Amino acid sequence: MSRVKPLPVSGFPEWLPAERRLEQRILDTIRHEYELFGFTPIETPSVERMEILMAKGGLGRQIYTLGRPEEGGGAEGVKLGLHFDLTVPLARYVAQHQGKLNFPFRRYQIQKVWRGERAQRGRFREFYQCDVDIIGRGKLDPLYDAELPAVLNATFEACGFPDFRIHVSNRKILDALLRTRPGGEDKAAGALRAIDKYARDGAAKTRGYLAEEGVDAELIPVILEFIQVETLDEARAILERAGADTAGLDELRALISGAIDLGMPAERIRPDFAIARGLDYYTGTVFETFIAGKEDWGSVCSGGRYDDLANQFTSQLLPGVGFSIGLSRLLDLLIGEGMLEVGADSPTRVLVTTMDREAYLPRYLAIARRLREAGIETEVYLDTAKIGRQFAYASDRGIGLAVVAAAAEFDAGTVAVKDLAARTQETVAEDSLIEYIQSKLPG
RNA sequence: GUGGUAGUAGCUCAGCUGGUUAGAGCGCCGGAUUGUGAUUCCGGAGGUCGGGGGUUCAAGUCCCCUUUACCACCCCA
């Protein structure tokens, strides 16, 4: 018989049970924390029309398209694609349902997204994004920006993630700097691309990149100095000397102090004028998040403010702020580094062993039923195997307790409960089994 | 999408310049031990050497294509 090789598809990750259980716990925790801040859940279809996906520009080659052979299938006539983020679907959703939504609209959305990029460690073609956004109609107070670092902080803490740093900036600042030269505002995209490489390539190369992008020669040293600055006061000095507007800097100051007032520890948030990634459609606040000591992983969560979320879909002005956690990337890296405890394979907490299945199967099943009715995750060992095998089964799955009973116990109205990790065993009255097990279980 | 490196048992790998039935450790299964998962001992299963084509008397080993992984670029979570 010729078998089909069980090969995975590149960039489409899958976990073994223990890791998937961890991922599920994290997803639940994120959901809970988002709701704690009053965000409401939505889900949009994985598939959108291509014209929607393309409306915000770029990314065309990264979209997985969808077609059916009957409809001309492959290359031409493709009208549908998988969403590559949750912001474009959000824009469509808000534009479409604006009459029925309450503004400011605080929503969260946790779904898989797809990007046709070359896969690498921590970089997938299918991955979870966990988005929160607040969308205003007509206006949205800058204080909303400050809420986001606080949400992020609470979420990362609740998930048990390692210490992290949020690097914040404001896109208006660089724009102001560029605008001090004629035609400078047109250089924004190129300048951002160059600045993006600063962390990796250093000042000398960045100088070259800026020149290649056509940034004014006299401005280049100012930008280089600026992106290396670490405090708001130094930044202000540079801007004033260059004659640039400082409105963006004022917003940044307000963001940082607001976030701290909302519970964000001050040491975890700091200005960083070299952050640029994902900046293209942001118009004000921007931030990226780095795991402390693992800055080389790049940003694991980024976000910011956009003046008009859905201008491609509606004439209504819909300003918003939001961020997205790239959960698949983050989990893959954290698990790979042993920075998150993975835990057991199975949710089962108690295994009811079947030492004498012939004689007592109904009693074993009845015990399991009582445990489940008490809300305790329980399995019965249903194969025929000697008792040692059954204990190994429990240990392998991380099941903490085993109920053991045959004639000796049942005749005395008792059952034995074995603690697999401690290798200890106690005999208790069958009537008090539930109470005993509840006292043994953590949490 | 572009380029570099790699692919031998479930896992980590050995296999020298091509040479009879491809190995080790760990893991897995069975037994010693039919009321107790450690250890020890004994036995066992598991490979079309990623796939396809080519060179050769002979290919895990050399060449080409392909696929997958890792790394860099592009870009980004």
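Proteins get letters first, then strands, A, B, ... in listed order; numbering begins at 1 in each. Atoms considered below: every heavy atom in the structure, side chains included; atoms not considered: hydrogens, waters and symmetry mates. Predicted model only: the values in this text are computed from it and were never measured.
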For [N] versus [M], give the span between their [atom1] atoms, rounded off to a whole number of Å.
| N | M | atom1 | value |
| --- | --- | --- | --- |
| B:C16 | B:U48 | C1' | 26 Å |
| B:U40 | B:G51 | C1' | 43 Å |
| B:A69 | B:C11 | P | 15 Å |
| B:U21 | B:G4 | C1' | 39 Å |
| B:A72 | B:G60 | C1' | 29 Å |
| B:A59 | B:U12 | C1' | 25 Å |

Review point. Looking at side-chain heavy atoms only, is the closest gap between A:Y64 and A:R115 below 4.5 Å?
Key: no
Check your understanding: Between B:A72, B:C75, B:A77, which nucleotide has the shortest distance from any of its atoms to the side chain of A:R118?
Key -> B:A72
Review point. What nucleotide among B:A38, B:A77, B:C74 has an atom nearest to a side-chain atom of A:K197?
Key: B:C74
Pull out every protein N or O sitting under 3.5 Å from an N or O of nucleotides 32-36 of chain B, one pair per line with the distance.
{"residue": "B:G35", "atom": "O6", "partner": "A:A408", "partner atom": "N", "Å": "3.4"}
{"residue": "B:G35", "atom": "N1", "partner": "A:E409", "partner atom": "OE1", "Å": "2.9"}
{"residue": "B:G35", "atom": "N1", "partner": "A:E409", "partner atom": "OE2", "Å": "2.9"}
{"residue": "B:G35", "atom": "N2", "partner": "A:E409", "partner atom": "OE2", "Å": "2.6"}
{"residue": "B:U36", "atom": "O2", "partner": "A:K418", "partner atom": "NZ", "Å": "2.7"}
{"residue": "B:U36", "atom": "N3", "partner": "A:Q425", "partner atom": "OE1", "Å": "2.7"}
{"residue": "B:U36", "atom": "O4", "partner": "A:Q425", "partner atom": "OE1", "Å": "3.3"}
{"residue": "B:U36", "atom": "O4", "partner": "A:Q425", "partner atom": "NE2", "Å": "2.6"}

Exercise for review: Remember a base hit wins even if backbone is also touched, and classify A:R193 as base, sugar-phosphate or nothing at under 4.0 Å, heavy atoms.
Suggested key: sugar-phosphate
Review point. Donor-acceptor pair, A:T378 side chain versus A:I376 backbone, under 3.5 Å?
Key: yes
Check your understanding: Under 4.0 Å: is that the gap between some side-chain N or O of A:R200 and OP1 or OP2 of B:C74?
Key -> yes
Counting only pairs under 3.5 Å, give me each side-chain donor-acceptor contact of residues 398-416 of chain A, with atom names and distances, residues two or more places apart or in other chains.
{"residue": "A:E409", "atom": "OE1", "partner": "A:A406", "partner atom": "N", "Å": "3.0"}
{"residue": "A:T414", "atom": "OG1", "partner": "A:E409", "partner atom": "O", "Å": "3.0"}

Revision key, fill the gap. As its Watson-Crick or G-U partner within any shown strand, both distances under 3.5 Å, B:A32 has B:U40
Check your understanding: Are the ring centres of A:H167 and A:F290 closer than 6.0 Å?
Key -> yes
Practice item. Decide if the gap between the ring center of A:F12 and the ring center of A:F124 is smaller than 6.0 angstrom. Key: no
Exercise for review: Give a yes or no on whether a donor-acceptor pair under 3.5 Å exists between the nucleobase atoms of B:C71, that is its base, and the side chain of A:R123.
Suggested key: no
Point to revise | Any donor-acceptor N/O pair under 3.5 Å between B:A72 base and A:Q120 side chain | key: yes
Review point. Just checking, is any N or O donor in the side chain of A:Y108 or A:E33 under 3.5 Å from an acceptor N or O on the other one?
Key: no
Give every donor-acceptor pair under 3.5 Å between a side-chain atom in residues 319-327 of chain A and any protein atom, sequence neighbours left out.
{"residue": "A:S324", "atom": "OG", "partner": "A:Q129", "partner atom": "NE2", "Å": "3.4"}
{"residue": "A:S324", "atom": "OG", "partner": "A:D131", "partner atom": "OD1", "Å": "2.7"}

